[in-house]
Amino acid sequence: MTLAPPAGVAAEAFVVLDKVGKIFAPQISLAEELLAHLGAGLDRRVLHAVDGVDLTIAKGEALGLVGESGCGKSTLGRILAGIHRASEGRVRIDGRPVTDAAGRKTTTRVQTVFQDPFASLDPRMTVGETISEGPIAHGFVERRAAQAHVAEWLLRVGLDPAFARRFPHQFSGGQRQRVAIARALAMRPDVLVCDEPVASLDVSIQAQIVNLFLKLRRDLGLTLLFISHDLGVVRHLCDRVAIMYLGRIVEVGTAAEVYGHPRHPYTRALLDSVPRLRLDPDAAGGVSPISGELPSPLAPPPGCHFHPRCPLAEARCRVERPLLRRLADGRDVACHLATDAPPHVPHGG
Amino acid sequence: MDTSTPLRRFLAEFLENRVAVAAAVVVVVILLLAMFAPLVAPQDPYDLSGLTLRDARRPPGFVGSTGIHHLLGTDAQGRDLLSAILYGLRISLEMGLAAGALAFVIGALLGTGAAYAGGRIESLIMRIVDLQLSFPAILLAFVLAALLGQGRGPLITALVAAQYAYFARTAHGSAAAERQKDYVEAALSIPLSAPRVVLRHILPNCLPPLIVVATVQVAAAVSLEATLSFLGVGLPPTEPSLGMLIANGFQYMLSGRYWISIYPGVALIILIVAINLVGDQLRDQLNPRLKR
Amino acid sequence: MTGPILRVRDLTTRFRSRAGTVTVVDGVSFTLDRGEVLGLVGESGSGKSMTGFSLIGLVDEPGRVEPTASVELDGRELVGLAEPEMRALRGRRISMVFQDPMMTLNPVLSIGDQMGLVIAAHHRMSRADMATRAAEALTRVGIPEARARLDAYPHQFSGGMRQRVAIAIAILNHPAVIIADEPTTALDVSIQAQILVELQRLAREDGTAMIWISHDLATVSTVADRVAVMYAGRIVEHGPTTAVLSRPRHPYTRGLLDSLPSRGEPGHDLAQIPGAPPSLAALPPGCAFAPRCGHADAACGVAPPATEVGPRGWRCHHPLEEARR
């Protein structure tokens, strides 16, 4: 019997998240601290936003990170991007850490594209300043050459170089998102973290930006962490997909396999919740929702976080945390009930 | 320039309020009069050779022995009061603007810096600011001015110490909101250095409320300075600001020579009310919550 | 009684300002049968939400529904109705669910009090009866322990639960028509699915007609019997949902469908509509979609006439072939 590689490892690990965790403790003010000294009770409940996540991304690969709000996917993305510091575990890109011991970001090799291009661009800076600020500050381009640099990146993301002198408020959402992408790419990153980059865009604009990401991946060989709640966009753009629930990764595999044959009950339920385009009037249509509410991340259920909503849950699921483990077909699943045997009923039939 | 549209819209909206426009005109006229006081004033009030005690305490409209028409009368030294007011305005405005500008810079940096740093540094700075805001500004300024002695430096120090807290509070409030916005996270993700993020990104986006506070605080600094000078802990008698003119004439109030004290007082009131009216309009225009 | 519950003719809403007049809803006409769900699809700025607001008389100054328009609810004309009369209908015969449930909910009143107010606005009954009725409505939208939750405040509910409460308020007085404006857009997929199912069931049980406003074709296709596609304030295509979505006649509908990731092959470029939706303040003359349309020619400089064929209709000089796909 061969030793299975650690869970979640891609062919060649370029980006490595090793038991990464993020704990948000409530900020305790001086006044509260004083009161505590006088005997008052303090709410010390902590939020385990990301809980022991092991993930790797190969060079040039696009990994989709899917989950519902509050599952910790954005926090995980910000940890990889070096914006937040991990409370536990390590984050490495090409063998080097992303932040120093004090939590300051030490690399420019990973850049970020945010969800809302109306908020992610400084309203008081021209597009040109926004794009060139980082490269100039880090000495990648000289101030004199900045204009040409900006023009090049504007062209690459499909914008008119003359836009460099305009301000963000003069653009539509799709154009702003292109500017935000140009800002990230102008730093020549190896890894791009995209946090719901098309969620706030109109349908017709979404397709344009998805196509832009496809083109940039081909042109630049980018490694992508693509965070989204939109399963369709992830399916279209990503090679592999990781499903997250309440801070933990529950399933990782190639996009085609995970969508075609989900192995974790949550993944299956999530896929069943997505409305599909109904073209046949006689088709049953509709969606089958997951029962129950999303539990509060402040007080997640013990054992498997999904057990209260899981149709298959057993006694064991209520006490023991299932670890992400590799099945014979190479899928990683964090479920006690997942077996090596492929599921006999194909999903979605 | 591309900014012309929002700027023009801003101006158009400002011009809609006639009171604010009138107030702005008054402020500009007073500023110009103060700046060009030596050219406008009928007399150099500090050229002692031009003064005669014979002309002292004359009522408005009196034509003095030197042939000067004293529109607002003369003071105890025989100075033309209009000239003294123009020169006094100059000193008052210099003090007010200098103190306001310095308090702006210090307060804005402390407030935005605290909001950026967060945690204990933020708590510490903001608690000090809160503590100071709970004292009357006049009390703090008075004690400091008395301790530091007379002169421009000590006076400005006292005014700044009393006023930076207002800027710090305002800057902190809006910087704490800006700090949460994605564009700050985007700057951190590049990464850009902390001073750069604070100075290039957060601070410029906190400017609108700070500008409103600045107009109000310049007016407050002028009146604070006048109060201190009136009480005798401000500028030395060689640099009579409006406050000192009021103080000098105060003793003659009851003897019927009201003009020595009243006219500098009227000048002070006009200046402060005008600045505040402009400030009110700026606040209405720059505060999105008051927008229709 | 037969005939449509809602008949809308030439609904036009304009905003007048010194900068000029902007037409946000431009000659929208449709009918809605009892118990029918009409999907109103469009991108931001297409006028779909403003159509909803116009129907229930919630257009604020300087906006105005043109008096030539006609909105008949159960045979009664709503355009030109005085505000007190409109208020008497709103919440009783016609009600609205918004994307953000806090548009409906008052943060400082308990759920029970708010629901009581809505009932009291139209009916006279005792407090105990009101509580019973409110609890019933909460139970119907799938809120457990409804009685106990009546004393809770909106902030004590999750986003999904809040939307359920907003829906419960909308159905309190058993309205004939519910206008749902992106009711599930802000919710997670698993919660969205629950709300979709609940709303469909409620409409079916009560025979309530619904106008489902959304940008999401997939969601609309699962709930709506008929669909109307809006672009730049006009309905450019309408008809039975599956017919329109499987055989679109308007190039815009076709473009929207083709740009869905689920319809493309993974890793390959999606078909995209070039450009961006036009600003309503500067609409191109004629067909507003022409500048983004691959089929446009000189004829499109003139506004295309409304073509009606059977249950379907479109506004296009060059409609796509029926036989496609």
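All values below come from the heavy atoms of this structure, side chains included, with hydrogens, waters and symmetry mates left out. Lettering follows sequence order; numbering is per chain, from 1.
For Pro144(C), no part lies near chain A; criterion is any non-hydrogen pair under 4.5 Å. Heavy atoms of Ala243(C) lying under 4.5 Å from chain A are absent altogether. Residue Arg309(A) touches chain C through its side chain alone, counting heavy-atom pairs closer than 4.5 Å. Looking at Ala186(C), neither its backbone nor its side chain comes within 4.5 Å of chain A, counting heavy atoms on both sides. When heavy atoms are compared at a cutoff of 4.5 Å, Val189(C) approaches chain A by way of both its backbone and its side chain. Using a 4.5 Å cut-off between heavy atoms, Leu260(C) touches chain A through its side chain atoms alone. Neither the backbone nor the side chain of Ser296(A) comes within contact range of chain C; no heavy atoms are under 4.5 Å apart. Heavy atoms of Val210(A) lying under 4.5 Å from chain C belong exclusively to its side chain.
Of the listed residues Ile290(A), Leu212(A), Leu214(A), the one with more heavy-atom pairs under 4.5 angstrom with chain C than any other is Leu214(A).
For Arg164(C), the salt bridge (charged side-chain N to carboxylate O under 4.0 Å, His left out) partners are Glu198(C), not counting sequence neighbours. Take Ala180(A) and apply the side-chain contact (heavy atoms from CB on, under 4.5 Å) test, not counting sequence neighbours, and it matches Ser120(A), Leu121(A), Gln177(A), Arg183(A).
Side-chain contact between Ser259(C) and Val203(A): present, with at least one pair of heavy atoms (C-beta onward) separated by less than 4.5 Å. Put simply, the side chain of Asp280(A) does not reach to within 4.5 Å of the side chain of Thr242(C), judged on heavy atoms.
Among all heavy-atom pairs drawn from Ser273(A) and Ala193(C), the shortest one is O-CB, 3.6 Å. Closest approach of Arg292(C) to Ile205(A), counting heavy atoms only: NH2-CD1, 4.4 Å. When all heavy atoms of Ser221(C) and Arg276(A) are compared, the closest pair comes out as OG-O, 3.2 Å. The two residues Pro275(A) and Gln192(C) have their closest heavy-atom pair at CG-NE2, 3.2 Å. Between Pro266(C) and Arg235(A), the shortest heavy-atom contact is CG-NH1, 3.4 Å.
Rounded to the nearest 0.5 Å, atoms CG (Leu231(A)) and OG (Ser262(C)) are 11.0 Å apart. Expressed to the nearest 0.5 Å, how far CG of Leu257(C) lies from CG of Leu277(A) amounts to 6.0 Å. Taking CG of Asp269(C) as the reference point, atom CG of Asn211(A) lies at 4.0 Å (rounded to 0.5 Å). Distance check: His215(C) NE2 to Leu201(A) CG gives 10.0 Å after rounding to the nearest 0.5 Å. Between Leu196(C) atom CG and Ser288(A) atom OG the span is 11.5 Å, to the nearest 0.5 Å. In this structure, NE2 in His236(A) is found 8.5 Å from CD in Glu265(C), a value given to the nearest 0.5 Å.
Heavy atoms from other residues, nucleotides or ligands lying under 6.0 Å from CD of Glu145(C) number 12 at most.
Judged by distance alone, the side chain of Gln272(C) and the main-chain N or O of Ile209(A) form no donor-acceptor pair under 3.5 Å.
Side-chain contact check for Ser204(A) and Glu43(C): at least one donor-acceptor pair (N or O, by modelled atom type) lies under 3.5 Å.
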